[in-house]
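Worksheet for the structure shown next.
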Amino acid sequence: MTDISTNDTAIYAVRLGDDALIHGHRLSEWCSNGPFLEEDLALTNVALDYIGRARNYLSYGAELLGQGATEDSLAYQRDCREFTNLLIYELPRGDFAFALARQYLLDEFETLFLNAMIDSNDDTLSAIAQKSIKETRYHLRRSKEWMLRLGQGTEESHQRLQSALGDLAGYTKELFEMDALELALLEKGVAVDRRALESQWHSAVTAMCEQATVSLPNQGWEVKGGRTGYHTEHLGHLLSELQFVQRAYPGCEW
Amino acid sequence: MTDISTNDTAIYAVRLGDDALIHGHRLSEWCSNGPFLEEDLALTNVALDYIGRARNYLSYGAELLGQGATEDSLAYQRDCREFTNLLIYELPRGDFAFALARQYLLDEFETLFLNAMIDSNDDTLSAIAQKSIKETRYHLRRSKEWMLRLGQGTEESHQRLQSALGDLAGYTKELFEMDALELALLEKGVAVDRRALESQWHSAVTAMCEQATVSLPNQGWEVKGGRTGYHTEHLGHLLSELQFVQRAYPGCEW
Amino acid sequence: ATLEADFQTRIDNEEKIEPKDWMPEAYRKNLIRQISQHAHSEVIGMQPEGNWITRAPSLHRKAVLLAKVQDEAGHGLYLYSAAETLGITREELIHNLHTGAAKYASIFNYPSLTWADMGAIGWLVDGAAIVNQVSLQRTSYGPYARGMVRICKEESFHQRQGYHILMTLMEGSDEQKAMAQDAVNRFWWPSLMMFGPHDSDSEHSGQSMTWKIKRQSNDELRQKFVDQSIEQAEAIGLTLPDPDLRWNEERGHYDFGEIDWEEFYQVISGSGPCNRDRLAHHRRAHEEGAWVREAIEAYEAKKKASV
Amino acid sequence: ATLEADFQTRIDNEEKIEPKDWMPEAYRKNLIRQISQHAHSEVIGMQPEGNWITRAPSLHRKAVLLAKVQDEAGHGLYLYSAAETLGITREELIHNLHTGAAKYASIFNYPSLTWADMGAIGWLVDGAAIVNQVSLQRTSYGPYARGMVRICKEESFHQRQGYHILMTLMEGSDEQKAMAQDAVNRFWWPSLMMFGPHDSDSEHSGQSMTWKIKRQSNDELRQKFVDQSIEQAEAIGLTLPDPDLRWNEERGHYDFGEIDWEEFYQVISGSGPCNRDRLAHHRRAHEEGAWVREAIEAYEAKKKASV
């Protein structure tokens, strides 16, 4: 591989790492805030999987970047404009319906994405995908069950789920976007073609929503920008918390 | 004055500055979150007064401390254990009843405290008190009006106010505590005798509460620790936000 | 319609229309639309700047920012009052905001992402607003015109503060400079969009000009803003993100590149980065405050009853 | 009461009592009190550590802390299940927590103020818990004893992790060392209080010992904890905040200073730094989750009906 493509791969790994880190962080905010203890356990479990994934991606990205980068320097020393996670991951944790609806939509996406990434000719990415897909299959089973429970539960749970889907819809489009960097990496057999996942994702989601007697509205709005560091205002607040200790006591081992 | 007492006065000024800063910060969180626009304006106004007061106290403290300390180094470069504000100031903003109940209790306190501090033989503290008492008289008029409105308003507002008073009661005791440092400064005519304010404060609050048909419960619990940096868990989160930019970009002018 | 003719004569003579004066229904509606949009803009505009109050990097900046957002709340109040003189209540105005029937300036659908945005918003967004508002000081409706006089004074103060933030950053570290430039890159084009579509595409402009609700066209105002901004940018070493910017000797103005109108219409129609957040925030605060407003009503009623 | 006599004989013979066995009502009540207090402690104990998950200073530490708090939730679950075998529902257990009828370990009424507290809590608080729990592995009630075996394994893992956090800090900068020492200063005495009042003042101890619900006295366990902690502290350069600590050759144990029992009873009775926050947090989460629990019930009912 040429230098340029190594760097592209590094950026790609960091992108995926940012997605996982911010998602894991939001999930971890549920700890001791779940509706009952079993769910505290379960949400923490999913959070852990994502933090683990983030570490895999970011340490790979750091390795490719060189120059002393580490998973922690990437997580703790970049400001909002340098983070490249997609926006859907950074939205505040919301209520339980929002958390589970987001999780469900992402689980369907991740299933397709990781499945495709297993075939990446980048061995590390392929290995991460193989490990992660197992977790995600389990997450998906769980989040599907919740879609049913909330969708078919009470009037209130149905409404909350529906409204969560409405709030999320416009943030899902970004999941299927390819920019020049990802297209170049796709060409090289490294990256996943996100565009190719959309229709399958959409069918799965539509079928599930039907079963849950809700729908993912298509109101024609969409918000994008995460890959260029153009975030919502929520990310900055998340980072001020995430990075506090490292920022307040720079240059230490923990 | 001897060196030791200069240092004591510095610590005293920083304590008062920390109280004002943290209180102003909590009030500023109301900006764009008030129940109607006039109230957004009014709460922001009170917040501004407290930030102004914080600057007066902290820059005086910094001047006495010397060694390059500034109002900003004090505000932005100390961690939780070094902040000396009393706990009542750092409690989260809560609902509007909590915000106004806290403000009322503190306005009554500040009226007495500042009135006494006017007689301090430390000219700077006396001058700050003279300036601040005018603001506080205005704050008190306003918060008394709100006590009536909420206490005598609807059943819900009454209940919310009562419950806020219940949540605050145990944090008010610390307002009237003197430690060795403040006792030494009292001896020298610098500090205010907080103990001497308690009964007057209590009478005023009791009378007001009666009019508002609520009460400040005395359930016999009390929480203290602010002056020794023994805080609630809320302060750390506040600081991670307050200090983010300075921590992330150290050594800059803004 | 001799009433209509008299009305237009007064307008043409630069007389101010006052609340009790007769006015065409369309004039009233047009004004309500414009004033309420302006009021809502001040109020929603509190959010992107309010977002940095708790993170302002010095106590001085924190105080200045707080005071600025407070001024915006104040402007919102004047303007709601001006709208209310036209026979609409605050409650209706807020209801229309929440349903989307009333708009607010699209610029506030962009997020404030770094401290430098407090500079860029003050300098560019308030700057653009002033250019617009200066011309509205002579608008035909009295209460609106008087409101504008008051508002303009404060806004130019805000603009200077914003500029000062950027200046300080441009004198600072490389990271600070980059932060300032990045903020300007993000806010420049949306600021140009604040003046609305080209005159040729502007829905409400013709009638508004006849009635002197508007006094200058969108494109005229935009040009004025571009001309004034370029010098200010250069003075502190900022680059405006438009390769087509250049002095046109013939026109006596700067030429500038074409605005991305697709983005403009997308943001207006709901796909701006923060449209949903802005309304959700306002709605939440309003709903959370419902019991407070009820308490006041109940208290006032009790007070009256006991007199 | 031949039943009672048989029961005591089984206890004396170290047989485990199982849920379906006959047991004295007072034994049952005593167990529910103790197990539920233990369960609530695990659950409320998630808060002071949960408080640092979002601020953990490295991804590795974040994952370890998350896993730890997850384990605590798991322990809470085992213990609730053990309590439920005694004929009380989860709902009742939580209700008793919220009304204050059931207690949780008072140590969790102290705040976690710095990252070092994650070390001190792991090392000291989990350390003290283990000393207690090791002895409970042989408690007379089967489900509780088996729960303890499982829990002990994980807790000693947690203790090592906490110790490792402190060790890392003690190898770090001066600020880090001070942070570690400060955390230990704050948590040392409350950890000693975790073993409860002196044996002479302990309300429930006598009967609990006879029934072998408790296997060792408060003071015995506390001494064990003190003895083991001193070496560990020295190994990494930490000072325990007790000037009276010294080896007593005669007793074969360390002597230590008198505990501030006034503080102990104050914290128990509601004046701890966080009592109100802890319960309010749990109550809020429980209330916010009410609609979710209702949804599950409704869904399960529908599923059954449609079968």
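Just so it is clear, the model here is predicted, and its values are computed rather than measured. By convention in this document, chain letters (A, B, ...) are assigned in the order of the sequence lines, proteins followed by strands, and residues within each chain are numbered from 1.
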Choice from D:Thr54, D:Thr114, D:Asp277 maximising heavy atom contacts with chain B below 4.5 Å:
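The option with the most such pairs is D:Asp277.
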Is [X] salt-bridged to [Y], going by a charged N under 4.0 Å from an acidic O?
X	Y	answer
B:Asp79	B:Arg81	no
B:Arg26	B:Glu29	yes
B:Glu156	B:Arg160	yes
D:Arg293	D:Glu91	no
B:Arg102	B:Asp107	no
B:Arg227	B:Glu174	no
D:Glu288	D:Arg283	no

In terms of heavy-atom proximity below 4.5 Å to chain D, should B:His234 be classed as side chain, backbone, both, or neither?
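The answer is the side chain of B:His234.
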Counting a contact as any heavy-atom pair under 4.5 Å apart, which residues of residues 168-198 of chain D contact chain B?
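Residues of residues 168-198 of chain D touching chain B at under 4.5 Å: D:Asp182, D:Arg186.
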Chain D: which of B:His237, B:His231, B:Glu222 shares the most heavy-atom pairs with it under 4.5 Å?
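Looking at each of B:His237, B:His231, B:Glu222 in turn, B:His237 comes out on top.
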